[in-house]
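Please read these numbers as outputs of a predicted model, since none were measured by experiment.
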Amino acid sequence: MGLFGRARNLRDPKVFHQMSLVAFLAWVGLGADGLSSSSYGPEEAFKALGHFTPEGCFEATSKITARDCAFVADFGYLAVFLAIAIAATVFIISWSYRRIIEEFPHGGGGYIVATKHLGPYVGAVSGAALLVDYVLTIAISLASGADAVFSFLPETWQPYKLVVVLGVLVLLTLMNLRGVKESVTILMPIFVIFLLTHAFLIFGAVGTNLGNLGDVAHSVSTEGSRHISKAGLLGVLLVFMRSFSLGGGTFTGIEAVSNGIGIMREPRVRTAKRTMLLMATSLAITASGILLAYLLLHVVPEQGKTMNGLLAEKFVGDSALGTIFVIVTMVSEGALLFVAAQAGFLDGPRVMANMALDKWLPSRMAALSEQLTMRNGVYIMAIAAALVLIYTHGSVDALVVMYSINVFITFTLSNVAMIRHAAHAREGRWRRAIFVHGLAASVCAMILIVTLVEKFTEGGWITSVITASLVGVCIAIREHYRRVGTKVAELSKQLDLDIPPPAEMCTTAELDPTKSTAVVLAGGYGGLGLHTLMQIPRVFPNQFEQVVFLAVGVIDAGVFKGKDEIERMRTKIDGDLEKYVAFARNHMGWAAEHDSAIGTEAVSELDSLCRQIALRFPRSVFFAGKLVFQHDSWYQRILHNETAVAVERRLHFAGLPMIVLPIRILGS
């Protein structure tokens, strides 16, 4: 455990408090995703206001292909209105997600709200979009962060940028395997430096140009009148809306707080709302301030440099002290973008776990690891992000398009779901809720449509195909679980025997440590466990007269809400085991007892329990049931828990006998 630290004791009532985050740390870990989008969102919006001339450059694009292009911000004055619109939109979307936090205090965000108010299949679409979104969160954050850092490094270093990005991805993966709070705390100084340097840059650039406000107002009036007379008001509005939509990356990350409520300190709702307010305020000021600074300082794009880097250079000049400030500013920006990748690691596996609980994904994805973080989910997110980075060669231009599309699918569906909820419930100020959610849904849908149309051939198509394919996979997985569930229910009906209360049990003798003891690894009370138990005397007649039932409660995304939830799980497990004990005593005449444990890894906990039982009852033989399908296939091995086989392997290595009995599932 050296690299990842010691394991947590789930029975310790302080463990959830220690692993949860206060509002400030949640702002660092989750809000950084939204705040970091100011590094590329405003830049894309501002570029869309101009064109490149005259040496053979093309117009109305944000992609620079030649060094000698001259950028002419013909519609640059619209940056004033863009700044206002972006700040207002940030608060509108944030307000809508504050209501989602109130409605769903246990988290889940866009997936949960769409599932509840628009139906499970719409929820699956929202969940699939969120999963792709969080993979792209990691990818674009790392790629954009590398762009910021490499913008002041020698051009000869550019070929190594992708290698550096993949190296940082590996480092963040290891940090997240350790746990949430540790990874966020380590990265907190970076977040603070970013805030300080960018506050100085934005307020300095805008403040030193307050005397030019008259000129700016005159330019807005003059240029606006000129363009309206030539292209008409509609033409100018279309340019504005296109720029606003292509800068939609600015709003990405706002949903991260509502998805990550589960890691926040109690009272969670208040902590989450404070976190959302911190993130919305910081993002609105930063994004709108950067846009105004571009306009006031006449910043124009250059090949190989980010516009924020050019803004910093232009503001401080080329003095030695100014160069140091530029380096610190861009390093902090790049580092913050690396911090923003945390949102993908924090929230992606949690959305995955929520979907697994609803059978859209393999059930094993709902379990947490030994370090109270969803280890398998972290691995999946990291591998998928690496593949995306390699496919796009770390191009922010391509990634921001792919990213925005999935974000605004979720934004739109979430707000439509909340409109339906407000209209149906009609509680409180429901008319205002419909208005605000309707406004947010309209803005998000417009950004989604414009981005898809404008950038379909530049990355829009690939993210659409990936998301649609993931939805199809989810539907196929859920259908498989439905069919298997029907078969298992039939097993339970075949053994529908009445279990008398414990006071009426026929056999209450204590177990004899010198006798042969059957130890059954049982789950919830039902057909699987009963079939396993009843096969023992058939396969080994007259060998056993006593049995011990074992079960482990696995902490998953639907359970880990704190110590009280764990105690409720223990109560349910013990209740199911008491039913098994009653069945063995009354219908088989065996002496019986049970034992249980709570943990995050079923195999490890069962292994430990089995070894303890073997010490108490040296003549123990361990039994477990395993679903066996008539037509076995690779996907069945992925979708169904292999706990029995994994425990068997461990016990055999320890010299303990274990037998896995088949439970046949016909026609699957």
Side-chain angles (χ1 to χ4, degrees), residues 33-34 36-45 47-48 61-63 110-111 125-148 161-162 165-166 169 242 244-256 259 306 337-338 340-341 343-345 347-348 351-352 380-413 444-474:
D33 182 23
S36 68
S37 63
S38 62
S39 301
Y40 47 82
E43 178 173 341
E44 293 296 320
K47 285 179 180 178
T61 182
S62 61
K63 187 175 181 181
Y111 167 68
V125 173
S126 181
L130 266 178
L131 288 180
V132 178
D133 166 30
Y134 283 126
V135 170
L136 293 170
T137 294
I138 299 172
I140 193 172
S141 296
L142 298 182
S144 185
D147 279 357
K161 185 165 62 177
L162 182 58
V165 168
L166 295 176
L169 175 60
R242 177 180 181 274
F244 176 75
S245 299
L246 295 182
T250 306
F251 313 116
T252 55
I254 293 178
E255 84 291 346
N259 291 334
T306 66
L337 283 156
F338 296 156
F345 285 115
D347 284 346
V351 173
M352 194 180 300
I380 291 171
M381 300 301 289
I383 292 171
L387 293 175
V388 170
L389 285 166
I390 293 171
Y391 172 77
T392 61
H393 303 287
S395 169
V396 174
D397 286 340
L399 287 169
V400 73
V401 173
M402 299 170 65
Y403 184 32
S404 296
I405 289 172
N406 284 278
V407 169
F408 287 103
I409 289 175
T410 303
F411 279 1
T412 304
L413 292 177
C444 293
M446 181 205 69
I447 294 174
L448 173 62
I449 293 170
V450 172
T451 304
L452 268 173
V453 172
E454 287 280 339
K455 299 292 184 177
F456 187 78
T457 60
E458 299 178 29
W461 71 271
I462 185 65
T463 189
S464 300
V465 169
I466 291 173
T467 304
S469 300
L470 182 56
V471 172
V473 170
C474 290

Report yes if some heavy atom in the side chain of I447 is under 4.5 Å from a heavy atom in the side chain of F411; otherwise report no. no

Would you indicate whether the side-chain heavy atoms of F408 and T451 approach each other to under 4.5 Å? no

Distance (rounded to the nearest 0.5 Å) between [X] [atom1] and [Y] [atom2]:
X	Y	atom1	atom2	answer
L452	I405	CG	CD1	4.0 Å
Y111	L131	OH	CG	10.0 Å
Y40	L399	OH	CG	9.5 Å

How close do [X] and [Y] get, counting heavy atoms only, and between which atoms?
X	Y	result
P42	S38	CD-O, 3.3 Å
A385	I138	CB-CG2, 3.7 Å
V471	A128	CG2-CB, 3.5 Å
G344	M381	O-CE, 3.7 Å
T412	A445	OG1-N, 3.4 Å
M402	T463	O-OG1, 3.5 Å

Check whether the side chains of T410 and D133 place a donor and an acceptor atom closer than 3.5 Å, and report yes or no. no

Any donor-acceptor pair under 3.5 Å linking the side chain of S395 with the backbone of T392? no

Matching residue for V388 among L136, V132, I462 - test: side chain to side chain contact (heavy atoms under 4.5 Å, CB included): L136

Would you list the atom pairs, donor with acceptor, under 3.5 Å between side chains in residues 139-148 and any protein atom, with sequence neighbours excluded?
{"from": "S141", "atom 1": "OG", "to": "T137", "atom 2": "O", "distance (Å)": "2.6"}
{"from": "D147", "atom 1": "OD1", "to": "K161", "atom 2": "NZ", "distance (Å)": "2.6"}

